[in-house]
2 protein chains.
Amino acid sequence: MRIGDLAEKSGLSTDTLRYYEKIGLIPRPLRDAGGRRIYDGTILRWIEFLDRLKATGMGIRDRLRYAELRTLGSASLAERRSLLESHRRKVVADIARLTETLEVLDDKVVLYRRMEAGETVDPAFESCARTEHGAPPNQDSSHHDRRTGARPRADRKA
Amino acid sequence: MRIGDLAEKSGLSTDTLRYYEKIGLIPRPLRDAGGRRIYDGTILRWIEFLDRLKATGMGIRDRLRYAELRTLGSASLAERRSLLESHRRKVVADIARLTETLEVLDDKVVLYRRMEAGETVDPAFESCARTEHGAPPNQDSSHHDRRTGARPRADRKA
DNA sequence: TTACGAGTTGGAGCGCACTCCAGGTCAAGA
DNA sequence: TCTTGACCTGGAGTGCGCTCCAACTCGTAA
């Protein structure tokens, strides 16, 4: 399999694949007589897993560390496990936050629908929706230069 | 409330608050006689909500758009709602992916524990854990210069 | 009065994760 | 043989989201 095929199958660009190789996320493949990368199909499972780690918020440093540990074989099993366990904790926390946010969004959407329908909104419901809606409070529209954001001070440096 | 107080209460740095103001995420506050920003406590709810959007993966462009719509008052309710609804869909998808990943991580952790204990791993179980473990396949360790990554080709350009 | 700490500004710098490019090599098909 | 088109390399550029900095002002407490 050449880099173009792998790109297609993995969903990454050839540039990204070469970049991952450069930084050490994926191992250096063998080359054919012309110097072109030849990949074994098993690399796809590794890329898929890396992708999963990335998509769930693992930073590049940890992915790199995990990749590095992987090359060390079975001696690194315990550390790899601990890395995954700590990522697992982050994933659990993220799920909690997302679930919470889902509720907030739902409340707000309902509130907006009511407001769109011209309903007067019950203040109790408003606070339940944790709303911040409406025109921003105490906006200073008069004292700033639009381009620079500089305030005309009485005598700056004069 | 001055910027330092707001920073403490919101968990953002004063630099970040000024940056948010500069790009338009938060409204320009009033100033005191000395030109210092004076904040109304209600801004905290807005910052909190922005933070929630950011923490759940909404990019800066959409947050900016939402902030902009907010300044337009009730005329923008429908568009704000649609923005939130589309974010909601992303959040739902993210929860699904995280939940899936949680399973993959759990499988891998169990697998690692077994391997650490010196168990021979049942191949069927291995594939269930979607494993990519072990030394990387077909690593090319011999043909590259360590510093440049350049392969000594037989007669490059000679 | 002076020293200090909190605030002001514009602008530079940074880490992440790519993405693009110039200028080249190579293999295979017309 | 010639021409594609896929691939190679090192390095520059990009967008996000801050973060840090220099150089300044202001209000207050010793």
Side-chain angles (χ1 to χ4, degrees), chain A residues 1-8 10-26 28-39 47 50-51 53-65 67 140 143-158, chain B residues 1-8 10-26 28-39 47 50-51 53-55 57-65 67 140 143-145 147-158:
Chain A
M1 189 164 43
R2 295 201 314 220
I3 199 168
D5 307 312
L6 182 59
E8 203 176 328
S10 69
L12 302 175
S13 71
T14 57
D15 272 328
T16 300
L17 287 169
R18 279 188 288 255
Y19 164 71
Y20 278 5
E21 180 184 327
K22 188 162 75 184
I23 66 171
L25 267 188
I26 59 179
R28 286 181 178 175
L30 295 167
R31 305 290 182 120
D32 68 12
R36 294 179 298 190
R37 293 168 176 83
I38 299 297
Y39 295 96
I47 290 174
L50 276 178
D51 224 54
L53 292 179
K54 183 193 146 201
T56 54
M58 185 186 281
I60 203 159
R61 254 185 262 271
D62 284 346
R63 275 178 288 151
L64 226 47
R65 178 79 187 131
D140 180 8
H143 299 87
H144 289 73
D145 177 80
R146 204 164 285 102
R147 275 179 308 278
T148 66
R151 273 182 81 259
R153 210 79 60 80
D155 51 354
R156 193 173 183 170
K157 197 225 150 191
Chain B
M1 188 164 45
R2 296 201 314 220
I3 199 168
D5 308 311
L6 181 59
E8 203 175 329
S10 68
L12 302 175
S13 71
T14 57
D15 273 327
T16 300
L17 287 170
R18 279 187 288 254
Y19 165 71
Y20 278 6
E21 180 185 328
K22 188 163 74 184
I23 64 170
L25 267 187
I26 57 180
R28 287 180 178 175
L30 295 167
R31 305 291 183 120
D32 68 12
R36 294 178 301 191
R37 292 168 176 82
I38 300 299
Y39 294 96
I47 290 175
L50 275 178
D51 225 53
L53 292 180
K54 183 192 146 200
M58 186 186 281
I60 203 159
R61 253 186 262 270
D62 284 347
R63 275 178 287 152
L64 225 48
R65 178 78 186 133
D140 181 7
H143 298 86
H144 289 71
D145 177 80
R147 277 179 309 278
T148 65
R151 275 181 83 259
R153 212 81 59 81
D155 51 355
R156 195 172 182 171
K157 197 226 147 188

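Only this structure's heavy atoms are used, side chains among them; waters, hydrogens and symmetry mates stay out. Naming convention: chains lettered A, B, ... in sequence-line order (proteins, then strands); numbering from 1 in each chain.
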Hey, which of these two, B/Leu25 or A/Asp5, hits DNA chain D nearer its 5' end, going by closest nucleotide?
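Result of the comparison: A/Asp5.
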Please state how far atom [atom1] in [X] lies from atom [atom2] in [N], giving the value in whole angstrom units.
X	N	atom1	atom2	result
A/Met58	C/dA17	CE	C1'	16 Å
A/Ile3	D/dG5	CD1	C1'	15 Å
B/Glu8	C/dG7	CD	P	10 Å
A/Met1	D/dC7	CE	P	12 Å
B/Asp32	C/dG7	CG	C1'	9 Å
A/Ile26	C/dC18	CD1	P	11 Å
A/Leu64	C/dC18	CG	C1'	14 Å
B/Arg37	D/dT25	CZ	P	17 Å

Could you tell me which residues satisfy side chain to side chain donor-acceptor pair (under 3.5 Å) with A/Arg63, sequence neighbours excluded, listed by chain and number?
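With neighbours one apart ignored, the set is empty.
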Taking the nucleotide of DNA chain C with the closest heavy atom to each, which residue, B/Arg36 or A/Lys54, is nearer the 5' end?
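Closest to the 5' end, via its nearest nucleotide, is B/Arg36.
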Any residue of residues 10-19 of chain B with a heavy atom less than 4.0 Å from an atom of DNA chain D:
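Result for residues 10-19 of chain B: B/Asp15, B/Thr16, B/Tyr19, sorted by number.
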Run the side-chain contact (heavy atoms from CB on, under 4.5 Å) test against [X] and tell me which residues pass, sequence neighbours left out.
X	answer
A/Thr16	A/Leu12, A/Ser13, A/Tyr20
B/Arg65	B/Glu68, B/Leu69, B/Glu79, B/Leu83
A/Ala55	B/Arg97

Is there a side-chain contact between [X] and the phosphate of [N], meaning an N or O under 4.0 Å from OP1 or OP2?
X	N	result
B/Arg61	D/dG15	no
B/Arg31	C/dT9	yes
B/Tyr20	D/dG17	no
B/Arg2	D/dC26	no

Quick one, A/Arg37 and A/Arg2 - any side-chain contact, counting heavy atoms below 4.5 Å?
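A side-chain contact is absent here, since even the closest heavy-atom pair is not under 4.5 Å.
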Euclidean distance, A/Arg18 CZ relative to A/Ile26 CD1, rounded to 0.5 Å
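Rounded to the nearest 0.5 Å, the CD1-CZ separation comes out at 10.5 Å.
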Sequence-distant partners of A/Asp5, salt bridge (Lys or Arg N to Asp or Glu O under 4.0 Å), two or more places apart
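With sequence neighbours excluded, A/Asp5 shows a salt bridge (Lys or Arg N to Asp or Glu O under 4.0 Å) to no residue whatsoever.
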